[in-house]
**Q** 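Got a structure for you, written out below as structure tokens; questions coming shortly.
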Amino acid sequence: MINTQGTGMQPTAASNVTVAYKGYFTSGTVFDQSPSAGISFGLNNVIKGWTEGIPYFKAGGSGILLIPSSLGYGSSDYSGIPGGSVLIFDVNLISVN
């Protein structure tokens, strides 16, 4: 869900981006959060939900990624995230690097 489209560059699935985010479960429990300045990473090095979802935004855009387990960590537990979890991320695409 895009709340603010943004006016900058639009990334591709292979772009390196800087994103500020908060990740939480449907219960509202936060499992991960970036610093407010964001972190940089390649979209080809993250879960499929991010690789597919972030390219809908433009730099400066913000919104929510609602990621089913099939595009997240699947049916296996991963680093404190129970298998089968739906993941929700509030995201702010700061830049396309």
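Values below: all heavy atoms of this structure, side chains included; hydrogens, waters and symmetry mates excluded.
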**Q** Is the OH atom of Tyr78 crowded by more than 12 outside heavy atoms at less than 6.0 Å?
**A**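 No, because the 6.0 Å sphere around OH of Tyr78 holds 12 heavy atoms or fewer from other groups.
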**Q** Tell me, do Tyr73 and Ser85 make a side-chain contact under 4.5 Å, heavy atoms counted?
**A**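 Side-chain contact under 4.5 Å: no.
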**Q** Do the side chain of Asp90 and the main chain of Tyr21 share a donor and acceptor less than 3.5 angstrom apart?
**A**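 Side chain of Asp90 to backbone of Tyr21, a donor-acceptor pair under 3.5 Å: no, none is there.
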**Q** Identify, with sequence neighbours excluded, every residue that meets side chain to side chain donor-acceptor pair (under 3.5 Å) alongside Ser70.
**A**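 Not a single residue meets the side chain to side chain donor-acceptor pair (under 3.5 Å) criterion with Ser70.
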**Q** Is the shortest heavy-atom distance from the side chain of Val91 to the side chain of Trp50 under 4.5 Å?
**A**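 Val91 vs Trp50: side chains touch.
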**Q** Drop me the distance from Leu43's CG to Lys48's NZ, to the nearest 0.5 angstrom.
**A**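 Nearest 0.5 Å value for the CG-NZ distance: 14.0 Å.
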**Q** Check Pro11, Ser62, Pro55 against Leu93 for a side chain to side chain contact (heavy atoms under 4.5 Å, CB included) and give me the one that passes.
**A**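 Exactly one candidate clears the test, Pro11.
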**Q** So Val86 and Ile67, do their side chains get closer than 4.5 Å, heavy atoms only?
**A**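 Counting from C-beta outward, Ile67 and Val86 never come under 4.5 Å.
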**Q** Nearest 0.5 Å, what's the CG-NZ distance between Asn92 and Lys22?
**A**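 Reported to 0.5 Å precision, the distance equals 13.0 Å.
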**Q** Any non-hydrogen side-chain atom of Asn97 less than 4.5 Å from a side-chain atom of Ser15?
**A**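 No - every pair of side-chain heavy atoms lies 4.5 Å or more apart.
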**Q** Hydrophobic cluster membership, with links at side-chain heavy-atom distances under 4.5 Å among I/L/V/M/F/W/Y: are Ile64 and Ile94 in one?
**A**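 Not linked; separate clusters.
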**Q** Shared ILVMFWY cluster between Val19 and Val30, side chains joined below 4.5 angstrom?
**A**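 No, Val19 does not connect to Val30 through the hydrophobic network.
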**Q** Decide side chain to side chain donor-acceptor pair (under 3.5 Å) for Ser40 and Thr18; before the verdict, give the C-alpha distance in whole Å, the side-chain angles of both, and the deciding distance to 0.1 Å.
**A** CA-CA 4 Å; Ser40 298; Thr18 300; 2.5 Å; yes
**Q** Could you check whether any side-chain N or O of Gln5 sits under 3.5 Å from a backbone N or O of Phe57, counting only pairs where one atom can act as donor and the other as acceptor?
**A**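 Absent.
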**Q** Would you say the side-chain atoms of Thr12 pair up with the backbone N or O of Ala14, donor to acceptor, closer than 3.5 Å?
**A**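 Present.
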**Q** So how far is it from Ile2 CD1 to Lys58 NZ, rounded to the nearest 0.5 Å?
**A**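 Between Ile2 CD1 and Lys58 NZ, I get 9.5 Å after rounding to 0.5 Å.
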**Q** side-chain contact (heavy atoms from CB on, under 4.5 Å) between Asp32 and Ile81: does it pass, once the steps are laid out?
**A** CA-CA 10 Å; Asp32 193 16; Ile81 298 172; over 6 Å; no
**Q** Mind listing the closest non-hydrogen atom pair of Thr4 and Gly60 along with its distance?
**A**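 Reported closest heavy-atom pair: CG2-O, 4.1 Å.
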**Q** Are the ring centres of Tyr24 and Phe31 closer than 6.0 Å?
**A**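 Tyr24 vs Phe31: aromatic centres not under 6.0 Å.
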**Q** So Leu71 and Leu87, side-chain contact (heavy atoms from CB on, under 4.5 Å) or not? Walk me through it.
**A** CA-CA 9 Å; Leu71 297 178; Leu87 307 176; over 6 Å; no
**Q** Which residues pass the side chain to side chain donor-acceptor pair (under 3.5 Å) test with Tyr56, sequence neighbours left out?
**A**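 Partners of Tyr56 under the side chain to side chain donor-acceptor pair (under 3.5 Å) test: none.
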**Q** Locate the shortest heavy-atom distance separating Ala20 from Ser36; write the atom from each residue and the value.
**A**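 Nearest heavy atoms, Ala20 then Ser36: CB-O, 3.8 Å.
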**Q** Is the shortest heavy-atom distance from the side chain of Met1 to the side chain of Leu66 under 4.5 Å?
**A**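 No, every pair of side-chain atoms sits at 4.5 Å or beyond.
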**Q** Work out which heavy atom in Met9 is nearest to a heavy atom in Val96; give both atom names and the distance.
**A**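 Here Met9 and Val96 meet closest at O-CG2, 3.5 Å.
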**Q** Taking atom types as modelled, find out whether Thr51 and Asn44 have a side-chain donor-acceptor pair closer than 3.5 angstrom.
**A**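 The criterion, which ignores hydrogens and geometry beyond distance, is not satisfied for Asn44 and Thr51.
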